[in-house]
Amino acid sequence: MRLEEGVAARSHEDGDRQRTTVGAILATSNLDEMLRSAHLVLTAAEQRIGEYCSCLAPDPADPDAGPALISEQRQREGRCRHIQRSLQLARRGLEAAAGAESAAEKEGGAHAGGPACADVEALERLVRELEYGPVEAMVSALAANERLLGNLGSLAGRGAGGAGARRAEPSPGSAAAGGVVFMYVIGAQTLLSWDPAVAGAALSRFQATVEEQLNAADGYVVELVDGLCLAAFRSAADALLWSLRCGRLLLAAPWFLDSVIVHTPESHRLLFPCHSWFGESDCGGMRGPLERNLIPIAPEDLVPGQPVAMAASGVAVPHPDKVKFDGSKGVNRKGFGHGGEDAYFYCHGRNDIFAMGVADGVFMWREQGIDSGDFSRTLMRRAAASVAGGAVDVVRVMADAAAGAAAAGVQGSSTACVVLVDQQAGQLYAANLGDSGCLLLRPEPPPAAPPSAGAAAAVPPSYKVKFRTNQLEHDFGRPYQLGHHAAADPVDMCDVATQTLRRGDVLVLGTDGLLDNLSDHAIAEAVAAGRAKREGPSALAQRLARLAFDASYDKSRSTPYAVSASEHFDMVYSGGKPDDITVLVAICG
């Protein structure tokens, strides 16, 4: 949607028409509604940051939380708490200024001691930043505007006597005399011809919003038809405030998007599933982001997914040499674990989202005195915090993890694979950067037994690899990786994919310690053997880790690593590759 504001003002001195800035118009207008709107946005931001602070609070009882980690977490929590307090003072200042503006209007129209023009413009920009993006970005935006927050907070002390105060008058050339605003929906007719029902509902919301705000702003309709609105107002300030208010409300309007279908010039049909709310749901209780990355689904996988309930477990095993010479141990707890430079997490977030991920830090940084295990563990902790904060976009979760590691000043580099599951829709979203990965295994019913077989024992189902993430490498042994250095790969280089899920499906995530030593077929056979014995996620993860460990020390075995090494070096290579091994298993119930 594009807003076109045609706002003009007439000069008191010579009658010449001229354009005025947003700040100049707002400086001569009644600001109480705009200030109250900004107050609501700051209140929501304050609540989200408070929830985020609770996720950052360190747990001294955590055996993995060393002094450095606890100190770093406390510093981040302290920064967020400081921003939250500044935000609270600014919100109170806005509340007082809005009340003073309203009282001034009732008593005779004199302006109260509200924010200056420059602060009003900065407030508009800040409000727009706070309405989108993750909490990390919100905290950064607020930190960059601490001067503005301080100025707004000082308004609370002037609120009591503000009604009799008067703001500095604008220059004579900026007085507003009248204005007209028009806004329109780009391609409204094309949308109506594409899907009359959906487009009609969206345009009805557009019409209802602009009409409702017109009544509140004392304007009147010149024309309103099929996504076009032309409205007139007594003052340019009213016109501008109405357009800004409508734009904000329409962008934040709740909308449930099930999917998007695109027909290409080559007559291909691409389905982009979403199954999510944009904004607050109609029934309340769920809130989705206003921006999402959509991933096309494979043409052969157009059957809708089934609602699932995920149960998961993981195991991380460090390289034996690290245990022998460094005293390294694997740490495996519910929701988080690590071994060597590997790390993993799994958790449930808001909006019925389940998430899991693995990261494999690059060992060679140790030669420069850097422990990449810190980097991989930070990535996984930040990814879990992003999901706990309400993120539903798998690329956004990976971006939040990378940004969190950079903000904490953690050095090193790591591969990463993150998976989100929309449990209500039965939809999997995967993002992979490097040579870790995810496999989706689906049970296949056994062939029907011949009648002569009688009452033979039931044959357990086999498992087929329905989907596998792509491995990304610059060259053999040089996987894509996130990191602090200039040669690190950006998040937008990750490979993304989506798949529908069914009850009984099994997800396996692993670092290269698993995927270099066990083929996809071997993993599927191991899962089938475990499920035939009714093994759950924990037992399956341990079974796969044990098989990968055995294969890594079998010098005569043909492993995926041996096949790749033989092709790259043009020589015969056999055997596995000893490494840290991390396995996550989730079962769709």
Side-chain angles (χ1 to χ4, degrees), residues 64-66 68-69 72 314-323 325-333 336-346 356-385 397-418 431-438 469 471-474 477-491 493-494 509-517 545 548-549 552 561 577-584:
D64 182 47
L69 176 62
E72 183 262 327
V315 60
V317 181
H319 191 295
D321 287 350
K322 298 174 185 177
V323 177
F325 298 109
D326 301 336
S328 177
K329 296 181 180 179
V331 176
N332 297 286
R333 296 188 299 273
F336 181 79
H338 60 87
E341 281 74 44
D342 283 7
Y344 68 84
F345 85 96
Y346 59 92
M356 57 197 303
V358 295
D360 179 7
V362 177
F363 174 79
M364 296 304 293
W365 281 107
R366 183 171 295 193
E367 296 178 357
Q368 300 185 30
I370 296 173
D371 181 7
S372 272
D374 280 345
F375 190 84
S376 63
R377 292 191 288 272
T378 301
L379 282 179
M380 295 296 94
R381 286 194 176 96
R382 295 292 178 260
V397 171
M398 187 175 286
D400 286 351
V410 182
Q411 293 186 324
S413 61
S414 173
T415 67
C417 180
V418 178
N432 186 52
L433 191 75
D435 54 5
S436 297
C438 168
T469 54
Q471 289 187 313
L472 301 179
E473 290 186 319
H474 295 287
R478 293 181 54 232
Y480 285 33
Q481 54 196 262
L482 302 170
H484 77 281
H485 56 297
D489 299 290
V491 171
M493 293 295 291
C494 69
L509 268 70
T511 57
D512 58 349
L514 171 73
L515 303 179
D516 278 348
N517 291 300
F549 180 85
S552 70
Y561 178 80
K577 175 194 171 190
D579 200 350
D580 301 329
I581 299 172
T582 296
V583 185
L584 270 177

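Hydrogens, waters and symmetry mates play no part in the numbers below; they use all other heavy atoms, side chains included. Numbers for residues simply follow the sequence, beginning at 1.
The structure places CG of Leu515 at 6.0 Å from CD of Gln471, a figure rounded to the nearest 0.5 Å. Of the inter-residue distances, the one linking Ser376 atom OG with Leu482 atom CG reads 11.0 Å to the nearest 0.5 angstrom.
Residues Asp371 and Arg377 have side chains in contact (heavy-atom distance under 4.5 Å, counting atoms from C-beta outward). Contact check for His319 versus Pro578: side-chain heavy atoms found under the 4.5 Å cut-off. Contact annotation: the side chain of Ile370 never approaches that of Phe375 to less than 4.5 Å [non-hydrogen atoms, C-beta and beyond].
Of the possible donor and acceptor atoms, none in the side chain of His338 sits under 3.5 Å from a partner among the backbone N and O of Val331. When atom types are taken as modelled, the side chain of Ser372 and the backbone of Val362 share a donor-acceptor pair closer than 3.5 angstrom.
A search for ring pair (Phe, Tyr, Trp, His ring centres under 6.0 Å) contacts involving Tyr561 returns Phe476, Tyr573, not counting sequence neighbours. In terms of the side-chain contact (heavy atoms from CB on, under 4.5 Å) criterion, residue partners of Ala431 (sequence neighbours excluded) are, by chain and number, Val394, Met398, Cys494, Val496. Considering only residues two or more places apart in sequence or on other chains, Phe363 meets the side-chain contact (heavy atoms from CB on, under 4.5 Å) condition with Lys322, Glu341, Arg366. With sequence neighbours excluded, the residues that form a side-chain contact (heavy atoms from CB on, under 4.5 Å) with His485 are Trp365, Ser413, Gln481, Ala487, Ala488. Residues satisfying the side-chain contact (heavy atoms from CB on, under 4.5 Å) criterion with Asn432, sequence neighbours excluded, are Cys417, Ser436, Thr469. In this view, Asp435 satisfies the side-chain hydrogen bond (donor to acceptor under 3.5 Å, both in side chains) rule with no residue, not counting sequence neighbours.
Between Thr511 and Asp360, the side chains place no donor N or O within less than 3.5 Å of an acceptor N or O (distance only, hydrogens not considered).
Using the six-membered ring where Trp is involved, Tyr344 and Tyr346 have ring planes that are parallel, under 30° apart on the 30 and 60° scheme.
Remark: of the listed residues Asp512, Asp342, Asn332, Asp342 is the sole one forming a side-chain hydrogen bond (donor to acceptor under 3.5 Å, both in side chains) with Thr582.
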